[in-house]
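Data block below; observations after.
Computed from a predicted model, the values in this text were never measured in an experiment. Worth knowing before you read on, the calculation uses all heavy atoms, side chains too, and leaves out hydrogens, waters and symmetry mates.
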Amino acid sequence: MAAPVPPGAPRPGANARQPTPPNFNPNYQTNPNSLADNMQNLNLNRPLSMPNYGPRPSPFGQQPPFPQSAVSAGFPVASPPMSRPGPSPGLVGRPAVPPTGPPQSTLPASVSPGRPVGPPVGYPSPFGSRPPPASLSSSTGGAVLPSSTFPSSGIPSVGVAPPPTGARPSPFVSSSPLTGVPAVPASSAPGGLLSNGPPAISSGALTGAPRFPPAASISQPPFQTPPTMMSARAPAQAPTMRSVLGSSAVSSTSASPVPSASPFSAVPQARPPPPGSPYGPQTWPMQPQQIPCTADLLTTSAMQLALLVQPMALPHPSEDPIQVVDFGESGPVRCSRCKVYINPFMKFVDQGRKFICNLCGFTDDTPRDYHCNLGPDGRRRDADERPELCRGTVEFVASKEYMVRDPMPAVYFFLIDVSMNAVRTGATAAACSAINQVISDLPEGLRTLVGIATFDSTIHFYNLKRALQQPLMLIVPDIQDVYTPLQTDVIVQLSECRQHLELLLENIPTMFQSSKTSESCFGAAIKAAFLAMKSTGGKLLVFQSVLPSVGIGALSSREAEGRTNISAGEKEAHKLLQPADKVLKTMAIEFAEFQVCVDIFVTTQTYIDIASISVIPRTTGGQVYYYYPFSAVSDSAKLYNDLRWNITRPQGFEAVMRVRCSQGIQVQDYSGNFCKRIPTDIDLPGIDCDKCILVTLKHDDKLQDGSECAFQCALLYTTVYGQRRIRVTNLSLPCTNMLSNLFRSADLDAQFACFLKQAAIEIPTSPLMQVREQVTNLCINILLSYRKFCATVSSSGQLILPEALKLLPLYTLALIKSTGLRNDGRIDDRSFWFNYVSYLSTPLAVPLVYSRMFAVHNLISKDGDESVLPPIIPLSSEHVSDDGIYLLENGEDALIYFGSSVDSSVLQQLFGFTSVDEVPTQFVMQQYDNPLSKKFNDVVNVIRRQRCSYLRLKLCKKGDPSGLLFFSCMVEDKNASGPSYVEFLVHIHRQIQMKMS
């Protein structure tokens, strides 16, 4: 029986981007809350009926960085074009006619190549990538390796005119990567308004915690039905098809395509859209992309046929928002045979009275109220006025037939670990402070409900009803057969309990500061919270600090057991990456059934068995945030920013997704964070803009050469404001019978992202050596196929690489040496790694394994360079000098390395100390009053904006274990994790020669 205890008492046991406003100072650091306050300009899925609908005022009286997009009358928008941090990529020029024959790269004898400084093919921003060395040692049967293979300057030996900033070299610009590729300046974006000062951890809220960068804000007109055939023609708008896969030829009068974020990527990929097409390029420039006509052709290529679907991806600020179409009670028009939704690739015939499905080819009658005559070009006369007929991505208002129940409210339940270790390390105070500050960012209105509970060896709920003078603690001591006391009072309207909630969060650290309870009933606590949320569904945000040791789903320290039995641990180490039992998995499936999405914030300093507890967020559409070893000084700001982005990013609840394909192609499997009950659909209790789903495809029939292969992703979800929507993304790709076309159109990023995700799937079930061999063989087989069937006749001593995939060996080597595939990694680190990869988006795949490295000791010495980020440095120790300071980031964490002979004045300017011996173990970045420090802060702020992540900063120095950590990231060097880049190329070359002979 729950015993009421008052808190504090003792308890038992637009199309063109607008120029930056003149009064916008990207480096303004005076206001510690500047970043967070600017984030308030965002209004996600906020209808007009909600209070405070418009853009919130900026704290500095400035306008939002991007203008409001003009939306034509009659077309409501889905959600404001919220943008990831980062620069606007440039448009990429493409040749009108591709050159004949597949472009290729060779490694001729006695040629010393330059190191490209631009981004790799298929990648949006530079990551210090480079092509393989020019030649191979003659002792291996190849060409002679010159003594100085790469210029230390990193500049290509052959000069090529650089493209515009943000652009990427066309695959047809250079016939060989070894003679230099176009240099691409480092991407530049206005530095985010950011305070790097340390937050104060106390019983109250964190004051001055750094926050995420600002983004655009756009108002929404009210919903309306689609215009009739007599409607005035809407003006042409920016393309909204955000696909890495391109489109089929559809004529349009819209303006030139603009870059966009991408909900789709594919392997192999689609061709570029024709001029004027409403389906534009993406944030990363693309190449011609095609689909193999037969399964045999795909097998011969050794490439993978898959889609990487990011249905809620952020649009670029220069794009128009995704538009919403309301067909009323009848619902959107669909094919009566395959149920695909109306889209721009469907063909209307018989004067518009019938339409032909682009997936199954069935001819349907056009509904009477949807009929429109055809123009001379065969298109409907109103096609440009209807988003569903001229846009690649559109949202439909779901009718009653799509609702099993009323749309769920926005429910946020916070569950906080208050065990002894959590309190003593400051994790409990940091969690309470972060929650207290994000309350103001929760959706406004009566539909927003909140609840809170704490747990150690027992569970403590809190009655937040306004009628009470203060919150009332309700203790649940039974952790084997849990229950929820006063279910109606545990989750209440935010508007009713806000004062009580803020008071409680300020007092929780003090209430448990003398706690001697070290046990954690994590499993029982999330089960009890689920029972409270069962009737509504919602988001469960858990802050966990110690290994769950009692109650339902209790775990033991398997990592220690594995170390004790070394021989068994080596043979079956991968079993430590599997869940300890099926208890939490069974709970997770039940959570997903009742639309409860779980996110876990792991703030720990010890082993916590992420392999077991991560089953819950993976099954419910959530994710794990990992802070190891947690430091209240340096990690509280990141914890706050991660929580705030989790709540404010574009997202949906109780979602169902299905991908449909043309005849001849079918979906083989889905991979990502979801629950799958039937083969065709995946259930997503939560879905957000950061989640990516791998969809593997297979042939079930032969496709016709030159025909189009169509795909449609449909996502049925509920917005945070209770509107039921269907987001539909369409895609149409040309088919080919030529193997050379597949290699010419291959996309490096998407291909490598598939490598990465498939390796992550294998890691928990296969020995590491086997996974590494599989990854290497995937790379070898692709290059062998190209060498055998597509390359021009040449000496067998040459290593010939396809132009589009010339960096695949480098990224494969980086993957082999990554955290997930290394023998010396902590079990929890590896578990988090493959869980993170499971939902990772395509643009973040390469930097996770091949990080970006910058020199920061000479930031102000380069005159005339307008970019904020300095040049990228290859990941080799030969480019790391003893008198330098280097920043290395992978999208999640950042290392700052100090050489042993760094100038004391540089140290003083950047970090406030004068000797490398004074490097602290815990670091909070600050800005000092000098140009170098200001520039360094700008660089870090820009990276945080690009990654949409508040990077953890760790200091490393030579001769220290932290220095070894830094040099373990130098993937081009030979180390304990694997061979050097040159040696790896030699190995690949030998394997190809053996298989060809």
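When side chains are defined from C-beta on, Leu955 counts as touching Pro920, because their heavy atoms get closer than 4.5 Å. Annotation: side chain of Val902 is not in contact with side chain of His857 (no heavy-atom distance under 4.5 Å). For the pair Gln909/Ser933, no side-chain contact is recorded, criterion being any heavy-atom separation below 4.5 Å from C-beta on. Contact annotation: the side chain of Val602 never approaches that of Phe832 to less than 4.5 Å [non-hydrogen atoms, C-beta and beyond]. Annotation: side chain of Arg947 is in contact with side chain of Pro847 (closest heavy-atom distance under 4.5 Å). No side-chain heavy atom of Ile613 sits less than 4.5 Å from a side-chain heavy atom of Val542. Counting only heavy atoms from C-beta outward, the side chains of Pro979 and Leu813 approach each other to under 4.5 Å. No side-chain heavy atom of Met970 sits under 4.5 Å from any side-chain heavy atom of His879.
With sequence neighbours excluded, no residue satisfies salt bridge (charged side-chain N to carboxylate O under 4.0 Å, His left out) with Asp903.
Residue pairs that meet the side-chain hydrogen bond (donor to acceptor under 3.5 Å, both in side chains) test with at least one member in residues 958-970, sequence neighbours left out, are Asp882-Lys958, Asp960-Ser962.
Under 3.5 Å, the side chains of Tyr626 and Asn835 contain no donor-acceptor pair of N or O atoms. Looking only at atom types and distance, the side chain of Ser518 has no donor-acceptor partner in the side chain of Ser419 under 3.5 Å away. Using a 3.5 Å distance cut-off with no hydrogens or angles, the side chains of Tyr640 and Gln437 do not pair a donor with an acceptor. Side-chain contact check for Ser901 and Asp883: no donor-acceptor pair (N or O, by modelled atom type) lies under 3.5 Å.
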- Given the rule in the side chain to side chain contact (heavy atoms under 4.5 Å, CB included) test, do Thr914 and Leu907 qualify, once you have shown the distances and angles that lead to the verdict? CA-CA 5 Å; Thr914 57; Leu907 285 174; 5.7 Å; no
- Would you please test Ser949 and Trp645 for side chain to side chain contact (heavy atoms under 4.5 Å, CB included) and show each step? CA-CA 9 Å; Ser949 173; Trp645 179 241; over 6 Å; no
- Task: Kindly determine whether Ile508 and Thr428 satisfy side chain to side chain contact (heavy atoms under 4.5 Å, CB included), including the steps that lead there.
- Result: CA-CA 8 Å; Ile508 282 177; Thr428 300; 4.0 Å; yes
- Query: Please walk me through it: do Phe854 and Leu859 pass side chain to side chain contact (heavy atoms under 4.5 Å, CB included)?
  - Reply: CA-CA 9 Å; Phe854 310 96; Leu859 287 176; 6.0 Å; no
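Rounding to the nearest 0.5 angstrom, the gap separating the CG atom in Asn941 from the OH atom in Tyr950 is 8.5 Å. Summarising the geometry, atom CE belonging to Met925 is positioned 14.0 Å from atom OG belonging to Ser634; distances are rounded to the nearest 0.5 Å. Separation of atoms CD1 (Ile610) and CZ (Arg830) is listed at 13.0 Å; rounding is to 0.5 Å. Separating the CG atom in Leu910 from the OH atom in Tyr928 is a distance of 9.5 Å, to the nearest 0.5 Å. If you take CG on Leu875 and SG on Cys969, they are separated by 8.0 Å, rounding to the nearest 0.5 Å. To the nearest 0.5 Å, atom CG of residue Leu576 and atom OG of residue Ser831 are 8.5 Å apart.
Asp973 contributes a side-chain N or O that, together with a main-chain N or O of Ser877, makes up a donor-acceptor pair within less than 3.5 Å. No donor-acceptor pair closer than 3.5 Å links the side chain of Asn646 to the backbone N or O of Asp642. Remark: the backbone N or O of Cys432 is not paired with any side-chain donor or acceptor of Asn436 at under 3.5 angstrom. At distances below 3.5 Å, at least one donor-acceptor pair connects side-chain atoms of Asp417 with backbone N or O atoms of Ser545. Here the side chain of Arg772 pairs a donor or acceptor atom with the backbone of Leu821 at under 3.5 angstrom. Although no hydrogens or angles enter the test, the distance criterion places a donor-acceptor pair under 3.5 Å between the side chain of Gln605 and the main chain of Phe630. Between the side chain of Glu878 and the main chain of Val880, no donor-acceptor pair closer than 3.5 Å is present.
For the side chain to side chain contact (heavy atoms under 4.5 Å, CB included) with Tyr886, the qualifying choice from Val856, Leu895, Ile873 is Ile873, the only one to do so.
Here the shortest heavy-atom pairing between Lys935 and Val868 reads NZ-O, 3.2 Å. Closest approach of Val775 and Thr812 over heavy atoms only: CG1-CG2, 3.6 Å. Among all heavy-atom pairs drawn from Gly426 and Ala632, the shortest one is CA-CB, 4.1 Å. Residues Leu815 and Leu756 share a closest heavy-atom pair of CD1-CD1, 3.4 Å. Considering all non-hydrogen atoms of both residues, Asn975 and Phe967 come closest at ND2-O, 4.4 Å. Here the closest non-hydrogen pair linking Leu577 and Phe834 is O-CZ, 3.5 Å.
Using bins of under 30°, 30° to 60° and over 60° for the plane-to-plane angle, the ring pair Tyr625/Phe601 lands in the parallel bin. Ring planes of Phe898 and Phe911: perpendicular class, angle over 60° (limits at 30 and 60°).
Using a cut-off of 4.0 Å between Lys/Arg side-chain N and Asp/Glu carboxylate O, Asp893 and Lys954 are scored as not salt-bridged.
The side-chain tip of Arg826 points at the ring of Tyr628 from less than 6.0 angstrom away and within 45° of straight on.
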